[in-house]
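Only one structure is covered here, and it is reproduced in the block below.
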Number of protein chains: 2
Amino acid sequence: MTAASIRARVRAEMTDEIKTVARRHLATDGANLSLRAVARDLGMASSAVYRYFASRDELLTAMIIDAYDALGGTVEAAVSGTGFPDRFLGVCHAVRDWALANPHEWALIYGSPVPGYQAPTDTVGPAIRVILVIGRIVGEASAAGEVPAGEPIGGRLGDDLRYVAERAAPGTPPQLVARAIAAWIHLCGAVSAELFGQLNNTIEARREFFELQMRGAAAMISRPA
Amino acid sequence: MTAASIRARVRAEMTDEIKTVARRHLATDGANLSLRAVARDLGMASSAVYRYFASRDELLTAMIIDAYDALGGTVEAAVSGTGFPDRFLGVCHAVRDWALANPHEWALIYGSPVPGYQAPTDTVGPAIRVILVIGRIVGEASAAGEVPAGEPIGGRLGDDLRYVAERAAPGTPPQLVARAIAAWIHLCGAVSAELFGQLNNTIEARREFFELQMRGAAAMISRPA
DNA sequence: CCGCCGCAAGAGCAGTGCTCTCTTTTGTGG
DNA sequence: CCACAAAAGAGAGCACTGCTCTTGCGGCGG
């Protein structure tokens with residue numbers, strides 16, 4: 001039993017080592033990760049890497065999951081303060097700070113998906129951590145009476161939102177969940193815009209502008225149209 | 001003279017043909033465009049393509065410029081209606097519709113930039129057409145007294161915004177320009193989120209949700225925090 | 001009419017993902 | 001403790017990529 005786990009542990013360590021080197025390559029070279037280059041850095045034949053990852057896509061998927069988890073963990077740990085706007089703004093800055101520190105990993109998870117873009121089901125768990133944090137903050141603010149529900153939403157969208165609300169933030173009004181998702185999308189858009197160069201030669205006071213935007217997003221939640 | 005222009009015209013036609021085939025490849029295979037495959041489709045040697053584009057990056061740059069121009073032209077042509085929110089919402093839907101029809105080209109211009117790729121200055125002109133349209137709409141609404149200016153913004157961000165405002169939308173209050181840019185970023189974020197699969201298994205009533213979001217963005221402009 | 005220059009073609013280099021076969025290592029069950 | 005099978009690594013090889021270089025062809029300008 002313990003004997004069998006020796007093999008497994010060595011294998012896990014090797015897998016981690018590969019991912020570490022791959023992450024380093026990702027940080028320098030960008031998304032076009034070369035399996036052979038990683039193997040060279042590890043001093044092993046490229047074919048040996050295939051014992052651990054069936055394909056380059058599988059390695060990338062592992063990197064994506066790790067990136068989601070790193071971001072999710074950072075954001076979850078950053079939740080603090082009291083009162084709705086501050087808690088939300090804290091999350092926004094945590095997301096932005098992580099993205100600025102790990103731009104290529106951000107691009108990996110929130111940029112354009114690579115060719116086939118088949119997201120395995122393993123990724124959805126880590127992927128939703130950030131929006132779940134936002135949902136929790138908004139839900140708590142709603143329960144505390146800090147934010148109004150706003151006008152109900154009907155139709156198919158209403159159904160979708162009810163479904164999402166009861167699964168992700170039970171007790172939170174669906175229309176509020178909609179505004180939370182919109183704020184999250186605005187957050188991701190703002191970070192991507194800054195990171196992908198959409199603001200180049202336009203706005204240099206990035207942090208201030210980001211803060212302004214996210215205050216607007218918070219206001220959009222606190223004060224529905 | 002006419003002779004010289006014959007050469008030039010043939011060359012331009014060949015260039016267009018390459019770009020057309022490249023665009024087709026882009027639409028099917030995604031962003032990892034193969035110059036050799038394009039050459040094969042054209043029945044020519046891969047080395048011949050280099051007579052027209054010095055590198056794969058240069059071809060991609062041309063595609064990017066074309067995509068920006070196609071989107072910009074579509075959006076400019078779609079501006080209609082009267083009154084601020086409707087005009088803005090029309091632009092939003094024009095952007096989304098174009099993106100849904102040309103997902104890979106959207107990914108090319110608003111997705112993660114390809115590694116090591118530096119946007120040449122030729123791209124900035126076409127790139128800013130959409131935000132200029134939004135700026136014009138907001139500026140006109142401001143001139144017509146349809147939207148308030150909101151509280152002034154100081155500091156470095158205020159300087160940036162004043163600079164942008166006087167160059168892109170003279171006479172429009174800088175703080176309003178900030179909200180216009182924020183709305184544009186939210187727009188891009190919403191389209192990317194939908195296109196890149198961030199809404200998968202969550203919200204199926206995409207158009208309705210998009211409309212809701214953009215109504216929120218419009219309200220953010222009409223009614224500053 | 002000739003020469004020249006733009007154009008195309010092909011070979012070639014270095015790199016890639018991935019597969020196959022072969023060898024070595026190594027944990028493990030008896 | 002030891003033989004063995006399973007796991008791991010190595011290396012060659014295939015098809016592909018971007019890009020360069022050299023060579024030949026042909027239409028255009030003088």
Side-chain angles (χ1 to χ4, degrees), chain A residues 1-22 24-26 28-64 104 108 113-118, chain B residues 1-19 21-22 24-26 28-64 104 108 113-118 120:
Chain A
M1 182 173 186
T2 56
S5 65
I6 286 182
R7 274 245 165 102
R9 210 192 54 197
V10 168
R11 185 179 175 82
E13 281 172 8
M14 193 68 211
T15 304
D16 275 350
E17 202 166 346
I18 294 175
K19 286 202 289 188
T20 300
V21 174
R24 205 172 58 221
H25 273 78
L26 206 67
T28 62
D29 294 353
N32 45 3
L33 181 64
S34 161
L35 229 139
R36 287 178 110 113
V38 171
R40 265 197 304 273
D41 258 29
L42 285 165
M44 68 199 303
S46 65
S47 54
V49 178
Y50 284 84
R51 298 266 169 210
Y52 300 90
F53 296 95
S55 69
R56 181 175 164 277
D57 269 9
E58 199 171 296
L59 213 193
L60 276 180
T61 299
M63 309 297 297
I64 288 174
H104 290 103
L108 205 59
V114 257
Y117 97 103
Q118 83 298 346
Chain B
M1 181 171 184
T2 55
S5 65
I6 284 181
R7 276 245 167 108
R9 211 191 52 197
V10 168
R11 185 179 175 82
E13 281 173 7
M14 194 66 211
T15 304
D16 276 349
E17 202 166 346
I18 294 175
K19 286 201 288 186
V21 174
R24 205 172 59 220
H25 272 78
L26 207 66
T28 63
D29 293 354
N32 43 5
L33 181 64
S34 162
L35 228 141
R36 288 178 109 114
V38 171
R40 267 197 303 271
D41 258 30
L42 284 165
M44 68 198 305
S46 65
S47 56
V49 178
Y50 284 84
R51 296 267 163 204
Y52 300 90
F53 297 94
S55 69
R56 181 175 164 277
D57 268 9
E58 199 171 298
L59 214 193
L60 276 180
T61 299
M63 310 296 298
I64 288 174
H104 290 103
L108 204 59
V114 281
Y117 176 81
Q118 180 74 9

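Numbered from 1 within each chain, the chains take letters A, B, ... in sequence-line order.
With values rounded to the nearest 0.5 angstrom, A:Met63 atom CE is found 13.5 Å from A:Asp57 atom CG. Note that CG of B:Leu33 is 6.0 Å distant from CG of B:Leu26, once rounded to the nearest 0.5 Å. Between A:Thr20 atom OG1 and A:Asp16 atom CG the span is 6.0 Å, to the nearest 0.5 Å. For the atom pair OG1 of A:Thr61 and CZ of A:Arg56, the computed distance is 10.5 Å after rounding to the nearest 0.5 Å. Atoms OH and CD, on A:Tyr52 and A:Glu58 in that order, are 14.0 Å from each other to the nearest 0.5 Å.
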Might you list the N or O atoms of the protein lying below 3.5 Å from N or O atoms in nucleotides 15-17 of chain D, with each pair's distance?
residue : atom : partner : partner atom : Å
D:dT17  : OP1  : B:Ser34 : OG           : 2.8
D:dT17  : OP1  : B:Arg40 : NH2          : 3.2
D:dT17  : OP2  : B:Arg40 : NH1          : 3.2
D:dT17  : OP2  : B:Arg40 : NH2          : 3.4

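Counting heavy atoms from C-beta on, the side chains of B:Val38 and B:Val49 never come closer than 4.5 Å. In this structure, the side chains of A:Thr15 and A:Phe53 come closer than 4.5 Å at one or more pairs of heavy atoms. Within the 4.5 Å cutoff, side-chain heavy atoms of A:Glu13 are placed close to those of A:Arg9.
In this structure, B:Tyr52 atom OH and D:dC19 atom C1' are separated by 18 Å, rounded to whole Å. Taking atom CZ of residue B:Arg9 and atom P of nucleotide D:dG27, one finds them 16 Å apart after rounding to whole Å. A:Asp29 places its CG atom 13 Å from the P atom of C:dG15, with the value rounded to the nearest Å. What separates CZ of B:Arg11 from C1' of C:dA8 is a distance of 13 Å, to the nearest Å.
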Report, as a single string ordered 5' to 3', how protein heavy atoms within less than 4.0 Å touch nucleotides 20-25 of chain D: B base, S sugar-phosphate only, - not at all. BB----

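For DNA chain C, runs of at least 3 consecutive pairs of the Watson-Crick or G-U wobble type, with both hydrogen-bonding distances under 3.5 angstrom, map to C:1-30 with D:1-30.
Applying the side-chain hydrogen bond (donor to acceptor under 3.5 Å, both in side chains) test to A:Arg24 and every residue at least two apart in sequence or in another chain returns A:Asp41. In this structure A:Ala48 satisfies the side-chain contact (heavy atoms from CB on, under 4.5 Å) test together with A:Met44, sequence neighbours excluded.
Counting any heavy atom pair closer than 4.0 Å across all strands shown, A:Phe53 reaches no nucleic acid atom.
The two atoms that bring B:Ala39 and B:Ser46 nearest to each other are CB-CA, 3.6 Å, heavy atoms only. Between A:His104 and A:Gly30, the closest heavy-atom pair is CD2-CA, 3.3 Å.
A heavy atom lying under 4.0 Å from DNA chain C marks none of the residues of residues 12-21 of chain A.
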